[in-house]
Amino acid sequence: MSARVTGGTALLVKNGRVIDPANGVDAVQDVLVESNTITQMDPKLPAPEGAEIVDATGKIVCPGFIDIHVHLREPGYEYKETVATGTRAAAAGGFTAVCCMANTDPVNDNRSVTDYILARARSEGVVRVHPIGAVTRGLRGEELAELAELAEAGCVAFSDDGKPVMNASLYRHAMEYVLPFGVPVISHAEDAHLTRGTSMNEGVVSTELGLDGAPAAAEDVMVARDILLAELTGAHIHIAHLSTAGAVRLVRDGKSRGVHVTAEVTPHHLVLTEDAVREYDPNTKMSPPLRTKRDTEALVEGLVDGTIDCIATDHAPHALSEKEGEFDHAAFGIVGLETAVAVLLDRLVRPGWIPLSTLVARMSSDPARLLNLPGGRLTAGAPADITILDLDAEHVVEPARFRSRSRNTPFGGWRLRGAPWMTIVGGSVVSR
Ligand code: DOR
Ligand code: ZN
């Protein structure tokens, strides 16, 4: 669970604008870190002897960002990503913790795989790693995985992400089973019959391009089903990567009726539409697909009003050989850890679509709350996980320089203003 933490010396982050949504703080403050822990926060703190001083004047000091939807690919697909490269990508992108999905090989459906991932995280990781266990054995959707032992081993949620669980009865039983563990089931909401053979959103663009499209309804029917099952069981259902206006409406309605439903959205579904597919770039292919302007507007609105609880990248690394060639044969998914913060600062915060403090909350305190993770707030006594942003830093996205082992991004060449500036995990600077 824990990162490579050296600890020891004190660290004083001086003069930054601290935005700590969970504590209602937005003010210039110094933050003192001692023995991996935040010990004091005050407008002016003296530096203890020997302390490393970080001058954060003009920077934004936030609780460490947490990405609850990442594919680290280890074990089994180390040619796409490993715990070592994925957590370095996370650190470079401003994240201090990630939750990793279960679609590895072998699948994380029993505790030996969870133990393995956590051991790799301890020896190779530079940010915190929280595994997510599979709902069904082998992600086959036929019988439940070893849910109790997965929870005991440290899985913070359950998901067959990458695949929907089409059997509603089995999903209902999973929800009932995990209820006492107090952790959510995370739904990859996709009706597999409606999406079979498709590679993008169904609409004008898919017709023009001659590609088979998946209707928004393929997502909406499953979001509706899962909310109804959460209502039936009392379980916490978390909907992954919301992409349609209809899904936003369904989550909003579910929340207003008191159902324990939460949701996330990715940066790419917030800032890109199906129009990006026109160049047949396989780096615009993911599941769920990019939708329409109407959908992105609903997603932004839902993120601002709290219908959507958090932002998660769905970092899905694939090798070049899997992402070149014909669009309809390419793998689904794009990397996101190293572009998320900059894309969101430049395209949503700078133009005023989302307040900065809302973005910070949706990337730190909100994900921590959803999965009961440590962190998410800057409080004396809390682990010193800190993300510092520079709103003025300008750069051009260069996939060749990613720490990730994979390069499959649609944002290559984008000029962005605003970026993560420093990432601190347990008091250790893991990226600067
Ligand atoms: O595009 C995607 N890629 N969506 C998923 O749900 C899974 C992911 C992957 O594992 O590559
Ligand atoms: Zn998914």
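Ligands are counted one by one from 1 in listed order, and the atoms in each one are counted from 1 as well.
Of the angles at the Zn ion (ligand 2), the one spanning ND1 of His188 and NE2 of His241 is 100° when given to 10°.
With a cut-off of 2.8 Å, the Zn ion (ligand 2) has no N, O or S atom of His69 in range. Here Asp161 meets the criterion, with an N, O or S atom under 2.8 Å of the Zn ion (ligand 2).
A donor-acceptor pair is defined here as one N or O able to donate and one able to accept, closer than 3.5 Å; such a pair exists between the side chain of Lys255 and the backbone of Thr307. Put simply, the side chain of Asp281 never gets that close to the backbone of Pro410: no donor and acceptor are under 3.5 Å apart. Remark: the backbone N or O of Asn110 is not paired with any side-chain donor or acceptor of Arg137 at under 3.5 angstrom. A donor-acceptor contact shorter than 3.5 Å is absent between the side chain of Thr409 and the backbone of Val335.
Residue-level proximity to ligand 1 for Arg73 is carried by the side chain, the only part with a heavy atom below 4.0 angstrom. Under 4.0 angstrom from ligand 1, the non-hydrogen atoms of Asn103 all belong to its side chain.
Every atom of ligand 1 is numbered from 1 in the order shown, and the set under 4.0 Å from a heavy atom of His241 is 6 (O). Close approach of ligand 1 to Ser287 is summarised as follows: ligand atoms under 4.0 Å from at least one heavy atom of the residue are 1 (O), 2 (C), 4 (N), 5 (C), 6 (O). Against a heavy-atom cut-off of under 4.0 Å, Ala316 is close to the following atoms of ligand 1: 3 (N), 8 (C), 9 (C), 11 (O). Taking every heavy atom of Phe332 and a limit of under 4.0 angstrom, the matching atoms of ligand 1 come to 1 (O), 2 (C), 3 (N), 11 (O). Taking every heavy atom of His318 and a limit of under 4.0 angstrom, the matching atoms of ligand 1 come to 11 (O). The ligand atoms of ligand 1 that sit less than 4.0 angstrom from a heavy atom of Gly162 are 5 (C), 6 (O), 7 (C).
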Could you check Glu81 against Ser404 for side chain to side chain donor-acceptor pair (under 3.5 Å), going step by step and ending with a plain yes or no? CA-CA 7 Å; Glu81 196 77 285; Ser404 170; 2.8 Å; yes
Could you walk me through whether Thr262 and His236 satisfy the side chain to side chain donor-acceptor pair (under 3.5 Å) test, starting with their C-alpha distance in whole Å, then the side-chain angles of each, then the deciding distance to 0.1 Å, before giving a yes or no? CA-CA 8 Å; Thr262 57; His236 175 190; 2.8 Å; yes
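Counting heavy atoms of neighbouring residues, nucleotides and ligands inside a 6.0 Å radius, atom CZ of Arg257 exceeds 12 of them.
Atom NE2 of His71 and atom CG of Leu337 lie 10.5 Å apart (nearest 0.5 Å).
The shortest N or O to N or O distance between Met286 and ligand 1 is not below 3.5 Å.
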